[in-house]
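Only a predicted model underlies this, so the values are computations on that prediction, with no experimental measurement involved.
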Amino acid sequence: MRNRIQVFQGQEILVKDTAKLIGPENVVRNLEQILLKKAEIADQNIIVIDLVHMIGIITKNDPSIEIQNIGPAQTIVEVIIKKKEVSIIAFSAVWLLLFIGAAITIMNFHEDVSMRAVHQHLYKMITGKNEAKPLLIQIPYSFGLGIGMILFFNHFFRKRFNEEPSPLEVEMFNYQQDLDQYVIMNENEESTRNLDDR
């Protein structure tokens with residue numbers, strides 16, 4: 001079964017959407033067209049299709065089929081709901097807020113570690129002179145800070161420097177894995193059965 005798929009609201013979810021089937025071609029072709037579920041408004045934005053549920057539907061259509069599972073036992077279906085387009089004003093406001101927030105964070109960090117005093121001390125060590133504003137060190141440091149961030153995140157706008165994922169991409173992947181595990185445990189009806197319902 002696939003880990004995660006995306007469908008639109010109202011779209012039918014077929015076996016071929018949620019799983020990769022291997023077997024005799026004519027049997028696989030028929031099985032792939034079996035309807036598992038239709039993404040409806042009541043489902044909200046996440047549906048978990050469990051292997052047990054899928055096997056039940058397949059064996060209703062053809063009881064002679066024998067199924068062996070390889071890989072995950074659930075597929076998370078993300079239902080895409082059409083959203084309003086973001087206005088330029090809202091985008092600009094958020095961008096400006098994040099830009100100012102990042103700038104204040106960097107300035108507060110530099111103030112906390114007394115970066116000006118460090119630069120003054122470095123300047124005195126190199127030149128032997130006291131300087132209140134050691135621009136010879138501060139200007140290259142500022143450029144180096146920006147270049148270092150670009151290299152660290154492995155992106156310059158849409159351009160990627162190499163195939164290695166950036167630390168941010170790795171963290172986003174780990175977050176997505178944790179989120180998927182949470183959804184599988186809490187949204188899946190097969191894994192959260194109340195024993196009082198018997």
Over 12 foreign heavy atoms within 6.0 Å of CG, L98: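 Counting other residues, nucleotides and ligands, CG of L98 exceeds 12 neighbours.
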
L96, CG atom: more than 12 neighbouring heavy atoms under 6.0 Å: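 Result for CG/L96: enclosed.
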
Atom pair [atom1]/[atom2] of [X] and [Y] - distance to nearest 0.5 Å:
| X | Y | atom1 | atom2 | result |
| --- | --- | --- | --- | --- |
| D17 | I5 | CG | CD1 | 5.5 Å |
| D50 | T18 | CG | OG1 | 11.0 Å |
| L136 | E131 | CG | CD | 9.5 Å |
| I49 | M1 | CD1 | CE | 6.5 Å |
| I13 | L35 | CD1 | CG | 8.5 Å |
| T127 | L122 | OG1 | CG | 10.5 Å |

Do [X] and [Y] sit in the same hydrophobic cluster, where Ile, Leu, Val, Met, Phe, Trp and Tyr count as joined when their side-chain heavy atoms come under 4.5 Å apart?
| X | Y | result |
| --- | --- | --- |
| L145 | M115 | yes |
| L135 | F143 | yes |
| I65 | L36 | yes |
| V170 | M172 | no |
| I81 | I46 | no |

Quick check: closest heavy atoms across [X] and [Y], and the distance to 0.1 Å?
| X | Y | value |
| --- | --- | --- |
| H110 | Y141 | NE2-OH, 2.6 Å |
| L14 | E32 | CB-O, 3.6 Å |
| A39 | F8 | CB-O, 3.8 Å |

Candidates V77, D180, T75 - the one meeting side chain to side chain contact (heavy atoms under 4.5 Å, CB included) with R4: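 Considering V77, D180, T75, a side chain to side chain contact (heavy atoms under 4.5 Å, CB included) with R4 is found only for D180.
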
Less than 4.5 Å apart, any side-chain heavy atom of [X] and any of [Y]?
| X | Y | value |
| --- | --- | --- |
| Q120 | R116 | yes |
| V15 | M54 | yes |
| Q181 | D178 | no |
| I126 | I137 | yes |

CA sep, side-chain torsions, deciding dist, call: V113, V118, side-chain contact (heavy atoms from CB on, under 4.5 Å): CA-CA 8 Å; V113 297; V118 171; over 6 Å; no

Candidate pair I70 and I22, rule side-chain contact (heavy atoms from CB on, under 4.5 Å), full reasoning: CA-CA 11 Å; I70 300 169; I22 300 170; 5.9 Å; no

Worked verdict on K60 versus I57 for side-chain contact (heavy atoms from CB on, under 4.5 Å): CA-CA 5 Å; K60 270 186 193 171; I57 292 172; 5.7 Å; no

Ring centres under 6.0 angstrom apart (F99, W95):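 Yes, they do, as the ring centres are separated by less than 6.0 Å.
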
Exam field: side chain D62 to backbone I58, donor-acceptor pair closer than 3.5 Å: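 No; zero donor-acceptor contacts below 3.5 Å.
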
P24 backbone acceptor or donor facing R29 side chain under 3.5 Å: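 Side chain of R29 to backbone of P24: no pair is present.
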
